[in-house]
There are 2 protein chains.
Amino acid sequence: MAGVSTATVSRALSLPGKVSAGLRARIQAAVATLQYQPNIAARMLAARRSWTVAAIVPTIRNNVSASCLEAIQARLEAAGYTLLIGVTGYEPEREYQITEAFLARGVDGLIYTGASHLPATYAALERHHVPFVNQCVFEPDGPHPCVGFDNREAARLVVQHLLELGHRRIGMVASIQLANDRAAGRIAGVVETLAACGDPGWRVPIIEQCSTIDGGRAGLALLLALPTPPSAVICGNDILAYGALFEARDRGLRAASELSVIGFGDLDLSEQLGLSTLHVPAAEIGRLAAEYLLARLAGGAPLHATRIEIRLAARASTAPPRALAVDSAP
Amino acid sequence: MAGVSTATVSRALSLPGKVSAGLRARIQAAVATLQYQPNIAARMLAARRSWTVAAIVPTIRNNVSASCLEAIQARLEAAGYTLLIGVTGYEPEREYQITEAFLARGVDGLIYTGASHLPATYAALERHHVPFVNQCVFEPDGPHPCVGFDNREAARLVVQHLLELGHRRIGMVASIQLANDRAAGRIAGVVETLAACGDPGWRVPIIEQCSTIDGGRAGLALLLALPTPPSAVICGNDILAYGALFEARDRGLRAASELSVIGFGDLDLSEQLGLSTLHVPAAEIGRLAAEYLLARLAGGAPLHATRIEIRLAARASTAPPRALAVDSAP
DNA sequence: GCATCCCCTGAAAGAGCTTACATAGGCGTC
DNA sequence: GACGCCTATGTAAGCTCTTTCAGGGGATGC
């Protein structure tokens with residue numbers, strides 16, 4: 001209709017700079033009147049490029065994941081890419097299957113959460129020569145590109161907050177650390193910091209639970225049943241912390257001075273519930289992860305590891321333990 | 001490698017029944033040793049079928065959406081389809097763009113939330129002859145297939161619950177009804193039911209707010225600033241209800257007898273927060289929406305409209321209003 | 001004024017699969 | 001025993017784009 005070859009149309013659409021202005025206008029007019037839309041399958045086949053990137057996350061049931069995904073999507077779309085989302089449910093085997101499925105679909109890049117993936121997953125990535133990035137972890141010395149923060153260091157911040165408030169008997173309700181390096185990092189951070197700066201006589205009790213409200217409740221219940229229950233509880237994430245908070249409330253432990261609870265992640269509701277927590281800038285992580293991949297896809301060699309600043313959001317759920325609070329009264 | 005033609009391989013892979021057992025085994029062995037993976041782009045191009053279905057939702061920031069999506073994904077995967085997710089942020093124009101993008105990608109079917117979409121969106125769907133279904137609405141007489149419940153009827157259930165508790169002064173914090181037929185349906189249901197069964201002297205105040213915690217807080221604040229503030233507040237969804245609950249708490253309105261709040265949706269946290277709400281079986285809706293599409297894709301003519309049963313979850317946030325509570329005391 | 005070079009465009013060859021159609025056996029039937 | 005039909009497999013023609021390569025035409029330089 002524009003009186004040109006298909007080659008020129010193809011160029012006008014994907015490399016507008018390579019076609020003269022007159023032709024480009026004619027082609028665009030024709031495209032508009034014909035409502036022409038390129039067949040993406042044919043484009044993928046011919047160009048060996050899908051303009052598709054996949055993000056594989058353990059869950060979409062929390063705002064941190066959602067923010068992350070939204071940020072990734074926004075950045076990717078601006079660059080003309082489509083986002084595919086995979087949800088593993090924290091199962092490495094499932095993650096591998098999803099990886100294979102996406103690779104078969106010809107995704108141009110992948111974004112993972114955490115750095116601990118099945119060897120088969122890494123092998124598949126290697127075999128297809130597809131770039132990827134691990135988000136929510138920071139391992140500058142590791143072999144894989146990443147965007148995030150050091151979970152041990154984050155845990156240290158949390159512990160120090162509690163130590164400064166005067167807590168000595170500190171417990172933890174962690175999420176299952178098997179196949180979850182972020183959970184493992186947080187546990188390690190708590191243990192290390194307490195070993196270095198805490199009461200030498202205190203062996204920190206750690207309960208691993210599924211990341212649900214009920215998991216948090218059960219975890220706290222177990223901690224409170226100990227002969228010497230802790231005065232402060234660190235939770236592996238905010239969902240567990242909500243559970244702990246609700247369980248404490250139901251047991252009549254209302255004030256933070258009776259039991260301090262601190263979380264990890266800073267979900268939307270955490271501020272409203274007065275939960276002290278480690279704030280994670282999810283949207284920024286997502287955006288930078290997408291940025292990394294786009295740079296790779298454009299042929300660049302972006303920074304291997306990007307560090308994200310985190311900060312502690314101290315709120316009402318943490319306070320000096322009762323004994324101290326009394327001591328320090330005038 | 002198996003000594004057969006590509007046609008036979010293709011058949012062995014997609015229509016195993018049409019190939020003899022011996023060859024099938026030979027081919028599968030070859031596939032395994034070569035780690036052969038079909039090129040999906042080529043398959044899409046040749047078969048004019050992408051084995052991809054898209055779900056377009058307003059947001060993924062709540063558990064109802066997430067449950068829905070997970071259920072859709074599970075059902076689709078079982079049938080060999082891949083799910084593409086689009087997020088509109090409640091913007092019809094964006095929804096249209098996403099639709100066009102997915103259509104260009106050759107999706108085989110689409111799942112929408114609600115039934116009010118831009119004419120351009122419906123036109124695009126029509127033009128491509130792609131089947132779709134609207135979930136979370138039930139309009140047996142409407143022109144479009146749907147899986148869900150009648151939002152008016154649901155609102156009626158909520159109003160009746162409050163009326164039965166003895167509330168007469170009922171207000172509403174709704175989500176923005178522009179371009180959101182579910183919000184509009186709920187508002188209409190509240191107004192109608194109250195007009196029919198409520199106090200004739202009471203004109204129900206309705207505040208529309210964005211579906212956020214802060215929206216809920218602001219909405220409640222406005223209602224409480226009225227000359228005759230309501231004794232019970234219906235919220236368009238649970239997020240708004242959380243906001244209302246927090247605002248009420250911060251104002252010292254602790255008991256449901258001072259101010260009853262009821263939501264819509266029944267998110268994970270609602271039970272913990274003691275929020276009365278209309279329970280929506282999100283996973284079932286998602287599963288059935290996927291089921292509908294799969295049936296269409298298989299050439300069938302499934303039910304045009306599927307009704308989902310809903311129920312009211314009465315919890316601590318609703319109670320008889322104070323005056324009545326006192327009256328009914330012995 | 002002619003040669004050189006560069007820019008723009010077109011022709012044509014794939015990219016890797018599916019599927020309609022052709023073909024070759026195998027079997028049942030009369 | 002021959003004919004016909006059915007099933008299993010092969011042949012080859014697409015599906016719709018991208019991209020290499022070649023060529024034409026205009027501008028530039030000497």
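Predicted model, so just to flag it, every value in this text is computed and none were measured. By convention in this document, chain letters (A, B, ...) are assigned in the order of the sequence lines, proteins followed by strands, and residues within each chain are numbered from 1.
- Applying ring-ring contact (aromatic ring centres under 6.0 Å, His included) to His117(B) and the options Tyr96(B), Phe132(B), Tyr112(B) leaves one that passes, Tyr112(B).
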Atom pairs, protein N/O to nucleotides 20-25 of chain C N/O, distance under 3.5 Å:
none

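- Put simply, CZ on Arg24(B) is 12 Å from C1' on dA8(D), counting in whole angstrom units.
- What separates CZ of Arg48(B) from C1' of dC15(D) is a distance of 6 Å, to the nearest Å.
- Remark: Ser10(A) is in phosphate contact with dT18(D), judged by side-chain N or O atoms under 4.0 Å from OP1 or OP2.
- Rounding to whole angstrom units, CG of residue Leu15(A) and P of dC7(C) are separated by 14 Å.
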Any N/O pairs under 3.5 Å between the protein and nucleotides 26-28 of chain D? List them or say none.
none

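- Atom CD of Gln73(B) sits about 13.0 Å away from atom SG of Cys68(B), to the nearest 0.5 Å.
- Counting non-hydrogen atoms under 4.0 angstrom, Leu23(A) reaches the backbone sugars and phosphates but no base.
- Closest to the side chain of Pro38(B), from the set dT18(C), dC17(C), dC17(D), is dC17(C).
- The distance from atom CD1 of Ile27(A) to atom P of dT18(D) is 12 Å, rounded to the nearest whole Å.
- The distance from atom CD1 of Ile40(B) to atom P of dT18(C) is 10 Å, rounded to the nearest whole Å.
- The side chain of Tyr36(A) contributes no N or O atom lying less than 4.0 Å from OP1 or OP2 of dT16(D).
- Atom CZ in Arg49(B) sits about 12 Å away from atom P in dT18(C), given to the nearest Å.
- With 3.5 Å as the limit, one finds a donor-acceptor pair spanning the side chains of Ser67(B) and Arg61(A).
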Item to complete: Check step by step if side chain to side chain contact (heavy atoms under 4.5 Å, CB included) holds for Ile56(A) and Glu95(A).
Response: CA-CA 7 Å; Ile56(A) 301 182; Glu95(A) 184 180 63; 4.1 Å; yes
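- At the phosphate of dG10(D), OP1 or OP2 sits under 4.0 Å from a side-chain N or O atom of Thr8(B).
- Put simply, the side chain of Ser50(A) gets close to the backbone of Gly106(A): a donor and an acceptor are under 3.5 Å apart.
- The distance between atom CG of Leu45(A) and atom P of dG14(D), rounded to the nearest whole Å, is 17 Å.
- Closest approach to the Ser5(B) side chain among dT18(D), dG10(D), dC17(C) is made by dG10(D) (side chain taken as heavy atoms from C-beta onward).
- As rounded to whole Å, 18 Å separates atom C1' of dT19(D) from atom CE of Met44(A).
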Under 3.5 Å, sequence neighbours excluded: what are the donor-acceptor pairs made by side chains of residues 300-310 of chain A?
unit_1    : atom_1 : unit_2    : atom_2 : d
His304(A) : NE2    : Gly142(A) : O      : 3.0
His304(A) : NE2    : His144(A) : O      : 3.4
Arg307(A) : NH2    : Glu153(A) : OE1    : 2.6

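- Residues Tyr122(A) and Glu126(A) bring no donor and acceptor atom of their side chains to less than 3.5 Å of each other.
- Looking at Ser175(B), its side chain never comes within 3.5 Å of a backbone N or O of Ala183(B) through a donor-acceptor pair.
- In this structure, a donor-acceptor pair under 3.5 Å is absent between the side chains of Thr52(B) and Arg105(B).
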